[in-house]
Each structure stands twice: as C-alpha cells, then as structure tokens.
Enquirer: 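Please find one structure pasted underneath; my questions will follow.
All residue numbers refer to positions in the sequence shown, counting from 1.
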Amino acid sequence: MIPESFIQELLARVDIVDVVGRYVKLRKGGANLLGLCPFHNEKSPSFTVSPTKQFYHCFGCGAHGTALRFLTEHTGAPFPEAVRSLAASVGMPVPEETRSPRQRAADRERREEGSRQHRILDQAQAHYRAALKQAPEAIEYLKRRGLSGEIAARYGLGWAGRDRRGLATVFSHYEDPALLESGLVIESEDGRRHDRFRGRVMFPIHNQRGQLIGFGGRLIEAGEPKYLNSPETSLFSKGHELYGLHEARAGIRAENCVLVVEGYMDVVALAQYGLNNAVATLGTSTTPEHLRKLRRASDRIIFSFDGDSAGRKAAWRALQACLPWVAEDISMRFLFLPESHDPDSYVRAYGVQALRAYLDEAAPLSRFMLDELGSRHDLDEAEGRAACVHEARPLFAQMPEGGFRLQLEREFARQVRLTPEELAQLLAAAGPGFGGGGPSAGAVRPAGQSGAAGPGTQGAARFPRPESGHAPEAEGMPWPGHEDPGAGMDLEMAPPWADAASSQAPRGAGRASRRGGGGSRQVTPMARRLLRLLLAHPALVAGLGDQQLELLAHHPHLGLVRQLVGLASTCGAAHAGALLQAADPESDLARAIQDLSTELMAQDLPDPQAEWDDALRAIERQSVQEQCDRLIASGLTTDDDRRRYQELSRRLARLKMS
C-alpha cells in the first residue's frame with residue numbers, strides 16, 4: 001500500500017490546475033479558474049478549480065475532489081496508478097508500505113495478469129484487423145451495410161475467420177491458460193480447444209480509458225447467436241460497459257445528447273451518417289452502472305428500441321433502471337422506431353435527417369411510463385384503476401423525492417381518477433418507501449441527484465446550500481438568548497452526517513431521533529462556519545491553544561469540527577483537497593466536506609485567523625453564559641457557587657469587550 005503521508009506530500013507538490021488543465025480548457029474567473037465540466041455535458045462553464053484550495057467543484061453536477069480524484073474519475077485509472085502517474089509528473093518515487101511477501105506477490109500477480117490480458121487482446125485485435133483486409137466476403141457485407149473503410153478503421157473492425165483454431169497462428173502456445181482467461185478460446189470437456197469467435201465481423205470493446213477489454217462478434221450470414229460477446233473476465237463485464245462510449249465522447253458533447261441503441265452495428269452505422277453520439281448495451285438490459293456512465297456523459301439520454309413487443313419489453317426494463325436517477329435536471333426519453341426497423345436500417349432507408357426528426361419526437365420517460373401503465377389496465381373500471389395503482393407503487397418507490405416525482409404523481413392521480421392526496425395516502429399505505437416516506441430500503445440511489453442519497457447515504461435529505469458561495473451568517477450573536485445552539489434548525493433538512501446522537505451512537509439512532517426531537521448532534525450554523533474555515537485554511541489548526549482545544553472538546557455540537565481538527569493535525573494537510581483525500585470516504589466527516597464543496601469555492605476571507613478567533617470567542621461567550629444561567633437557576637446557595645458565578649461573570653464581561 002502507498003503510505004498516506006506520501007499522498008499528502010504528493011498533493012502538496014502538484015498543482016491541480018496543471019493536472020485538470022491537461023483535459024479541460026480553463027480560463028481565469030476571479031481567484032478560481034472556470035471550464036466546461038468533463039463529467040457532464042454543458043454549454044456554460046460551471047466547473048471551477050481553486051488553485052489555493054487545490055480542489056475542483058462543478059456547480060452543475062456536483063463533481064468535486066482533488067487532483068487524484070480527478071484522474072481516477074475522469075480517466076478511469078485505478079487509485080494506485082493515478083498516484084504513480086501524478087508522482088512521476090513531479091519526479092517523486094512512490095514508496096510502498098511494508099507488506100508480507102505473500103501480499104506483494106499477490107499484488108504483483110494481479111498487475112501482471114491484467115497487463116498480460118491486455119497484451120493478448122491487443123495481439124488478437126491486430127490479427128482480426130489484418131484478416132479483414134484479406135476477407136472479401138466480410139468487406140462486401142460491410143459495404144452492403146453502408147460502411148466505409150474510414151468508419152471501419154475508426155472503430156477498429158476486424159474479421160474472425162472460420163478456422164476453428166485461427167488464433168493458433170498468432171499465439172504459438174495455444175494451450176496457454178491466459179487465452180482461456182481472456183475469453184478468446186473455449187475448452188471442451190475433453191480438453192480440446194477452439195476459437196470462441198469464428199466467421200464473424202469483430203467489434204473491439206474499449207473501456208472509458210480507451211483500453212481494449214473484450215470483443216463483440218456479428219455473424220454475416222444466417223445463424224445463432226447473431227451477436228456474441230466476450231465472456232465475463234477480470235477486464236470485461238457486459239453489465240458495466242457500453243459499446244462505443246469511448247469513441248462517442250466528442251459526438252455526445254456536440255449533439256448535447258447520448259443515444260442508446262441495441263447493437264454494435266447500429267452504433268457504427270449511425271456514425272457513418274454523421275451521428276457520432278450513439279452507444280450500445282452489450283446484449284443485456286440497462287443496468288445501474290450503465291446509467292451512472294450515461295449520466296456522466298450527458299444530461300440528455302434517449303433510448304432507442306424496436307417498435308415490436310420485444311423492443312417495448314426491453315424499453316420497460318430500461319425505464320425501471322432509470323427511475324432511481326430521475327431528477328429535474330435530467331432528460332430521459334424513449335424512441336420507438338417503426339416495426340421491422342432498427343436505427344441502422346432506418347437511417348439507411350430514410351436518411352439521417354428523418355432519424356433526427358424522429359429523435360426530436362421521442363417520448364419523455366413520464367409519458368412512456370403513464371401510457372404503458374394505462375395500456376395494461378382498463379381505466380374505465382374501478383378494478384382496473386386499482387390494479388394500475390398497485391402496479392405503479394414499486395415504480396414510484398424507486399424515484400427520489402423531488403419536483404419530478406411530485407409532477408408525475410399528480411399526472412398519474414388524474415389518470416386513475418384520484419386526488420393527489422388520495423394517491424399519496426395509497427402509496428404511503430403500501431409501507432416504508434412509498435409516498436412521502438422516502439425511498440424504500442432496498443432501492444439504490446445514484447449519487448448527486450436531487451432528492452437522492454449521495455455517496456455513503458441512504459436517502460437522507462440533502463443539506464440546503466446557499467445560492468451564493470457563502471454560507472448564511474446568522475451569527476452576530478451565534479445563538480440568540482439562551483436557546484439551544486441548534487434552535488430553529490429544520491432537522492428534517494439536516495445533512496446525513498448530522499444525525500448521530502454521539503460519536504459512539506449507532507448510525508440508526510440518529511435517524512430515529514431526528515423526528516423524535518431528542519439528542520441528535522445538530523450541525524448548527526456555527527459548526528458549519530468553523531468547518532468551512534478549517535477546510536479552506538487547515539493551517540489554522542496549528543495555532544489552536546489548550547484553552548481553545550478544551551472548548552472544542554466539551555462543546556456538544558462541534559463533534560465534526562473536532563474530527564476535522566484531529567484529521568488535519570494527524571495528516572498535516574496543506575489545503576482543502578488534501579483534507580478531503582485523507583478523510584474516510586464513508587465517514588460523516590467526508591460527507592460534511594462533500595456538502596460544503598460549493599462554499600469552499602467562495603472567495604477567501606481577508607483575515608481567516610481573525611474570523612476563526614472571533615468564532616471561537618462567540619462559542620466561549622455562549623458556553624460561559626450558559627454556565628452562569630445554570631448557577632442562577634440553582635439559587636447560588638453555596639459560597640462555591642457564588643464565587644464561581646463571580647469568576648464567570650468577570651470572564652463573560654471580558655469576552656464581550658474583546
């Protein structure tokens with residue numbers, strides 16, 4: 001493992017502007033730099049990079065993090081590889097923590113195995129591409145499908161001949177177990193081997209980093225299966241990959257939309273006609289991992305399906321996968337081509353402009369869902385409407401709370417002749433997760449969506465962010481009068497990292513107590529103020545005196561601040577990005593940092609030390625005032641109480657004058 005101390009030193013040495021600038025065109029925007037977000041499609045720049053905090057944040061999709069996170073998220077590089085790449089750029093050798101010989105051997109074996117499989121696939125790809133040039137039947141087939149040599153070369157199309165052991169000419173050791181593990185050959189029960197792909201046009205499948213991870217092959221004559229993928233391997237999982245996504249990145253940005261089709265040939269044929277934004281699932285239903293990648297690619301997604309019954313069934317499965325991702329800022333639509341047509345045949349028959357016009361008429365997810373539900377039940381009968389509500393319950397349960405779901409519920413209520421209130425009661429009566437009760441326990445929520453849980457949360461409400469980059473400052477006197485420091489805070493809007501009764505309490509206890517009104521560790525405005533200051537200026541920790549540390553240690557609402565002080569002291573982070581990198585990603589503190597990402601991009605205060613000292617003095621004033629109030633309430637019956645009250649009163653007077 002790479003030592004945490006090295007990661008902190010690395011983040012102190014590199015400049016996030018240089019790292020991000022290799023991939024994103026940045027321009028000056030005040031103290032920060034601005035650019036078009038690489039994680040979602042946008043026309044106006046909302047992606048911000050802070051040179052002082054070494055942190056990036058997108059105000060559009062919420063993506064944020066350090067230089068290391070940018071490399072792992074944008075390029076798909078594993079974390080250790082991103083560390084090594086970043087270290088090499090500044091000439092830092094990467095140390096490894098002491099590990100047992102067995103652990104080191106296992107790591108080395110995994111790396112070598114992955115590298116070897118990539119090399120094997122690359123060799124096979126070179127063979128298939130060379131074979132295509134010598135295969136007139138395959139070339140003729142591609143020409144009949146309207147493909148040019150340029151498009152075939154762009155997508156790396158090849159040909160697997162009909163020889164049962166054609167790859168034996170490429171790999172002298174045909175019995176090598178790695179050929180089996182890479183999915184290129186099949187071994188029968190009697191131990192004999194043969195090529196998996198034969199008599200097929202070959203479509204190389206790349207991951208988002210452009211690495212070859214598998215193949216798809218299509219027969220050019222009658223036979224089954226028409227399409228054949230590589231099997232599941234350590235490099236390839238069809239439920240996680242989208243064919244053509246790597247090649248379509250520029251096209252998706254240009255079209256401001258990603259088009260999801262069903263086959264490799266659809267993707268390549270559409271590119272031939274100038275539609276370069278198509279991707280295809282690999283012979284499987286749309287999965288949450290597919291949706292995650294599609295959402296990062298664009299906020300406009302169109303699913304294209306054949307108009308027959310099989311196509312509509314596939315579309316319905318895709319709709320169910322989409323429901324956890326619906327939000328006000330995402331457009332998901334469904335296109336049904338005329339029966340007997342797929343995108344490939346339609347564009348060849350009617351041209352690209354006709355297909356574009358068809359795309360413009362794609363049905364929104366809401367309309368497809370309501371129409372499909374209505375078509376399955378007789379809505380003129382009470383029984384049919386009741387059955388329709390029953391079928392809709394699990395669909396609504398998958399959706400995050402928010403404006404989209406509310407609108408859809410109202411439309412559905414009209415369809416089944418109920419008032420919105422009556423429908424809400426029926427959905428809520430189904431049990432936890434329906435209606436206003438939030439998502440069901442089993443529902444999976446994507447990160448960063450309106451109403452959805454972020455990383456490490458399960459449906460908890462997001463903390464309201466201010467419209468500007470600054471947090472609301474209601475702390476002229478941090479907590480008015482003698483009220484509880486968290487008085488007036490809407491606990492239903494508390495962030496997910498704010499509901500533990502104590503640092504030792506089980507996570508669930510905090511959630512139960514939020515509605516009960518007792519004992520939750522609230523994130524008060526003052527706590528938020530201190531967290532923001534420390535994140536922006538970790539060096540403030542070095543100036544904390546014993547009295548200030550004691551004050552933080554005993555305050556009931558500053559648990560996260562104490563954690564952040566401890567983290568900054570331990571890791572020696574030099575900026576906000578380094579603190580985020582050091583925090584346990586599943587911790588309440590990491591979620592707090594995530595929730596403060598927007599505010600971290602605000603203009604720095606002219607004197608953060610003065611702001612910090614002022615905040616701590618306000619906390620001390622409140623603490624002393626509360627002690628005085630408790631002594632007065634006790635009646636000051638003893639000499640010790642009276643002496644203590646006088647000391648506290650003098651201390652309070654000094655604090656109010658400072």
Enquirer: Could you pull out the closest heavy-atom pair between Lys293 and His240, with the gap in Å?
Expert: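 Smallest heavy-atom distance, with atoms named: NZ-O, 2.7 Å.
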Enquirer: State plainly whether the residues Asp360 and Arg333 are in salt-bridge range, i.e. N to O under 4.0 Å.
Expert: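 So Asp360 does not pair with Arg333 through a salt bridge.
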Enquirer: Can you name the residues that form a ring-ring contact (aromatic ring centres under 6.0 Å, His included) with His341, not counting sequence neighbours?
Expert: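 Testing His341 for ring-ring contact (aromatic ring centres under 6.0 Å, His included), a comparison that skips the adjacent residues, returns Tyr346, Tyr350.
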Enquirer: Between Ser188 and Arg192, is there a donor-acceptor pair closer than 3.5 Å when you use the side chain of the first and the backbone of the second?
Expert: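 Yes; judged by distance alone, with no hydrogens or angles, the pair exists.
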Enquirer: Working to the nearest 0.5 Å, report the span between CD1 of Ile213 and OG of Ser182.
Expert: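 Ile213 CD1 to Ser182 OG: 13.0 Å, rounded to 0.5 Å.
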Enquirer: Can you run down the ring pair (Phe, Tyr, Trp, His ring centres under 6.0 Å) pairs that involve residues 177-201, sequence neighbours left out, and say none if there aren't any?
Expert: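 Those involving residues 177-201 do not exist here.
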Enquirer: Atom CD in Gln125, atom CG in Leu212: separation rounded to 0.5 Å?
Expert: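 Answer rounded to 0.5 Å: 6.0 Å.
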Enquirer: Tell me the closest heavy-atom pair linking Ile220 and Val201, and the distance in Å.
Expert: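 Looking at all heavy atoms of both residues, the closest pair is CG2-CG2, 3.5 Å.
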Enquirer: Ignoring hydrogens and angles, tell me if any N or O in the side chain of Glu232 forms a donor-acceptor pair with the backbone of Lys238 under 3.5 Å.
Expert: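 Yes; judged by distance alone, with no hydrogens or angles, the pair exists.
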Enquirer: With sequence neighbours left out, write down each residue that passes ring-ring contact (aromatic ring centres under 6.0 Å, His included) with Phe336, or none if nothing qualifies.
Expert: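 Listed in chain order: Phe368.
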Enquirer: Any idea which heavy atoms bring Pro324 and Pro400 closest together, and the distance?
Expert: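 Looks like O-CD, 3.6 Å.
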Enquirer: Does atom CZ of Arg144 have more than 12 heavy-atom neighbours from other groups under 6.0 Å away?
Expert: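 Check passes, neighbour count above 12.
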Enquirer: Looking only at heavy atoms, what is the nearest atom pair of Ser340 and Ser345, with distance?
Expert: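 For Ser340 and Ser345, the tightest heavy-atom pair comes out as O-OG, 4.1 Å.
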Enquirer: Under 4.0 Å between a side-chain nitrogen and a carboxylate oxygen: does that hold for Glu137 and Arg162?
Expert: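 Yes.
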Enquirer: Less than 6.0 angstrom separating the ring centers of Phe47 and Tyr56, yes or no?
Expert: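 Yes, they do, as the ring centres are separated by less than 6.0 Å.
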Enquirer: For Cys58, is there any backbone N or O sitting under 3.5 Å from a side-chain donor or acceptor partner on His64?
Expert: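 Judged by distance alone, no pair lies under 3.5 Å.
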Enquirer: Indicate yes or no for a side-chain donor-acceptor contact from Arg249 to the backbone of Ala297 under 3.5 Å, with no hydrogens or angles considered.
Expert: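 Flag not set: sc Arg249 to bb Ala297 has no pair under 3.5 Å.
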Enquirer: Begin from the C-alpha positions of Leu235 and Asn207 and carry the test side chain to side chain contact (heavy atoms under 4.5 Å, CB included) through to its verdict.
Expert: CA-CA 9 Å; Leu235 299 180; Asn207 61 20; over 6 Å; no
Enquirer: With side chain to side chain contact (heavy atoms under 4.5 Å, CB included) as the criterion, how do Glu247 and Arg154 come out once you've worked through the C-alpha distance, each side chain's angles and the decisive distance to 0.1 Å?
Expert: CA-CA 9 Å; Glu247 294 84 351; Arg154 185 199 303 177; 5.7 Å; no
Enquirer: Can you tell me how far CG of Leu132 sits from CD1 of Ile139, rounded to the nearest 0.5 angstrom?
Expert: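 The distance works out to 5.5 Å.
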Enquirer: Under the rule for salt bridge (charged side-chain N to carboxylate O under 4.0 Å, His left out), what residues qualify as partners of Glu255, not counting sequence neighbours?
Expert: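 Glu255 satisfies salt bridge (charged side-chain N to carboxylate O under 4.0 Å, His left out) with Arg356 once adjacent residues are dropped.
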Enquirer: Going by the ring pair (Phe, Tyr, Trp, His ring centres under 6.0 Å) test, which pairs reach into residues 126-149, not counting sequence neighbours?
Expert: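 As it turns out, the ring pair (Phe, Tyr, Trp, His ring centres under 6.0 Å) pairs with a partner in residues 126-149, which skip direct neighbours, are Tyr128-Phe215.
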Enquirer: Between Phe39 and Phe70, what is the ring plane arrangement, given parallel below 30°, perpendicular above 60°, and tilted in between?
Expert: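 The arrangement is perpendicular - the two ring planes meet at more than 60°.
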Enquirer: When you look at Asn277 and Arg300, which way does the side-chain hydrogen bond (donor to acceptor under 3.5 Å, both in side chains) test go after all the steps?
Expert: CA-CA 11 Å; Asn277 61 326; Arg300 295 182 63 235; over 6 Å; no
Enquirer: Go through Val268 and Tyr243 one step at a time and tell me if the side chain to side chain contact (heavy atoms under 4.5 Å, CB included) criterion holds.
Expert: CA-CA 10 Å; Val268 179; Tyr243 175 73; 3.7 Å; yes
Enquirer: Salt bridge check, Glu81 against Arg84: does any charged N sit closer than 4.0 Å to a carboxylate O?
Expert: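 Looking at Arg84 and Glu81, the cut-off is not met.
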Enquirer: Go through Arg296 and Glu73 one step at a time and tell me if the side chain to side chain contact (heavy atoms under 4.5 Å, CB included) criterion holds.
Expert: CA-CA 10 Å; Arg296 283 185 177 175; Glu73 294 290 328; 2.6 Å; yes
Enquirer: In Å, rounded to the nearest 0.5 Å, how long is the span from CD1 of Ile186 to CZ of Arg196?
Expert: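 With rounding to 0.5 Å, CD1 (Ile186) is 4.0 Å from CZ (Arg196).
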Enquirer: Once rounded to the nearest 0.5 Å, what's the spacing between atom CG of Asp306 and atom CG of Leu335?
Expert: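 It is 10.0 Å, given to the nearest 0.5 Å.
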Enquirer: State the CZ-CD distance between Arg393 and Glu391, to the nearest 0.5 angstrom.
Expert: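 The CD atom of Glu391 is 12.0 Å from CZ of Arg393, to the nearest 0.5 Å.
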Enquirer: Which atom pair, heavy atoms only, marks the closest approach of Ile301 to Arg295?
Expert: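 Where Ile301 meets Arg295 most closely, the heavy atoms are CD1-N, 4.2 Å.
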Enquirer: Donor-acceptor check, side chain of Thr287 to backbone of Gly239, threshold 3.5 angstrom: yes or no?
Expert: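 Flag set: sc Thr287 to bb Gly239 pair under 3.5 Å.
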Enquirer: I need the full list of ring pair (Phe, Tyr, Trp, His ring centres under 6.0 Å) pairs touching residues 160-179, with sequence neighbours left out, sorted by first then second residue.
Expert: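 Listed by first then second residue: nothing to list.
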